[in-house]
There are 2 protein chains.
Amino acid sequence: MSDIAKKAGVSRQALYLHFPNRTELFIAATKAKDAEFHIDARLAPSRAAKTGRERLAAFVEAWGNYIPDIHGVAKTLIVLGETDEDAAHAWAERMADMKEGCAAAVAALARDGDLRPGLTEAQATDLLWSLLSVGLWERLVRDCGWTQKAYLDEVQRLARAALLDG
Amino acid sequence: MSDIAKKAGVSRQALYLHFPNRTELFIAATKAKDAEFHIDARLAPSRAAKTGRERLAAFVEAWGNYIPDIHGVAKTLIVLGETDEDAAHAWAERMADMKEGCAAAVAALARDGDLRPGLTEAQATDLLWSLLSVGLWERLVRDCGWTQKAYLDEVQRLARAALLDG
DNA sequence: GTGTCAATTGACACCGTGTAAAGTCAACCA
DNA sequence: TGGTTGACTTTACACGGTGTCAATTGACAC
């Protein structure tokens with residue numbers, strides 16, 4: 001909190017006039033980033049896609065490219081969530097929203113009959129959601145030094161391999 | 001530290017007689033778990049595999065089944081690593097060891113000519129290592145409620161889809 | 001001018017980590 | 001048997017971070 005106050009050019013106590021506690025500050029920061037980076041607009045192409053395959057590709061691209069933009073605040077919230085109930089809940093809510101997007105893409109694939117045999121929609125949704133987790137991005141881009149493009153190409157491939165028929 | 005001391009039935013200060021600080025305690029706990037759960041023995045079938053494909057399957061199975069056993073201490077070390085240099089280093093070292101196993105499996109695949117065209121050995125190693133991360137296990141098993149078997153089957157499939165030719 | 005509002009300063013309580021010192025107790029040994 | 005050693009306990013404290021509280025300042029609106 002001291003560091004943030006210093007960066008913001010206000011006193012540490014002033015932060016508590018705006019946010020009840022550290023967790024709420026980061027929750028607000030995450031929401032602010034969502035607005036700043038127009039998450040909803042980025043997901044529009046996915047919603048507009050005609051086929052399930054197109055929808056999957058558009059969703060993976062939108063979310064995969066969104067991760068680096070919000071990684072800072074998102075990561076903080078995740079780490080906070082390991083010890084703070086409220087932070088964990090806030091992040092879980094956020095992830096639930098994202099999972100709805102996954103479910104919609106999976107539903108479109110199922111409608112087209114493109115879903116891999118032996119995979120339920122729920123399983124496919126879980127799988128896509130897991131492949132698009134912040135963790136996998138961190139492993140490949142941050143830890144292994146992959147470019148964003150290489151990461152995205154590979155996740156597209158993985159998503160197709162995991163969900164599609166054939 | 002208080003909680004641990006209570007569980008152990010000793011005073012909090014006694015812990016500091018055995019470990020210089022909290023981080024070192026958890027590093028020691030992780031090593032103790034490795035010994036308790038015989039990580040080296042579990043990886044033996046992978047090293048003994050004839051073909052690259054067999055080696056990949058054996059390695060994925062061994063590590064994938066190892067994760068739940070060490071998840072408690074491993075997770076603690078990971079979380080600690082977010083704020084503690086030493087913990088981060090300890091975990092990174094551990095991950096480097098694991099990555100060597102990935103590299104060996106990938107090398108066996110390359111030797112057999114089974115590696116997917118357009119994928120270098122280094123990229124394939126990064127990819128396998130990322131698929132076998134604790135994070136993906138947490139997403140599917142802990143967050144989505146998958147069984148260990150369902151997780152393992154899916155990761156086997158993902159690994160094959162990501163690395164193999166065809 | 002007065003009231004209001006945002007922010008400041010300074011103080012403090014609480015908790016967790018880590019350090020330090022003095023005391024207890026049992027085992028071992030000459 | 002008495003003395004030493006070593007592991008552990010109790011008590012105390014320093015430090016840093018979070019969160020609370022009260023008094024004060026300064027600007028702006030009416």
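Every chain is numbered from 1, with letters handed out A, B, ... down the list of sequences. Values below: all heavy atoms of this structure, side chains included; hydrogens, waters and symmetry mates excluded. Source: prediction; values computed, not measured.
A salt bridge links D69(B) and R42(B); the closest N-O separation between the charged side-chain nitrogens and carboxylate oxygens is under 4.0 Å. Ionic pairing of R139(B) and D126(A) is not present here: no N-O contact between side-chain nitrogen and carboxylate oxygen is shorter than 4.0 angstrom.
The number of heavy atoms from other shown groups lying within 6.0 Å of CD (E36(A)) is above 12.
Atom CG in L17(B) sits roughly 14 Å away from atom C1' in dA22(C) (whole-Å rounding). Separating the CG atom of D84(A) from the C1' atom of dC15(C) is a distance of 15 Å, rounded to the nearest angstrom. Taking atom CG of residue N21(A) and atom C1' of nucleotide dC21(D), one finds them 17 Å apart after rounding to whole Å. The distance from atom CG of D86(A) to atom P of dG19(D) is 11 Å, rounded to the nearest whole Å. Rounded to a whole Å, the CG atom of L15(B) is 13 Å from the P atom of dT19(C). We find that CZ of R22(A) is positioned 6 Å from P of dG19(D), with the value rounded to whole Å. Separating the OH atom of Y16(A) from the P atom of dA13(C) is a distance of 17 Å, rounded to the nearest angstrom. dG17(D) atom C1' lies 12 Å from atom CD1 of I4(A), rounded to whole Å.
In the interface, the side chain of R12(B) is paired with the base of dG18(C) through a donor and an acceptor atom under 3.5 Å apart. No hydrogens or angles were tested; on distance alone, a donor-acceptor pair under 3.5 Å links the side chain of Q13(B) to the base of dT19(C).
In this entry dC30(D) has dG1(C) as its Watson-Crick or G-U wobble partner, both defining distances falling under 3.5 Å.
Checked by atom type and distance alone, the side chain of R116(B) pairs as donor or acceptor with a backbone atom of A162(B) at under 3.5 Å. Judged by distance alone, with hydrogens and angles left aside, the side-chain atoms of Q123(A) form a donor-acceptor pair with the main-chain N or O of T120(A) at under 3.5 Å.
Side-chain proximity of S11(B) to the nucleotides dT10(D), dG19(D), dA7(C) is greatest for dT10(D). Here the side chain of M1(A) is nearest to one of dT18(D), dT8(C), dT9(D), namely dT18(D).
Between H18(B) and dC8(D), a side-chain N or O to OP1/OP2 separation shorter than 4.0 Å is present.
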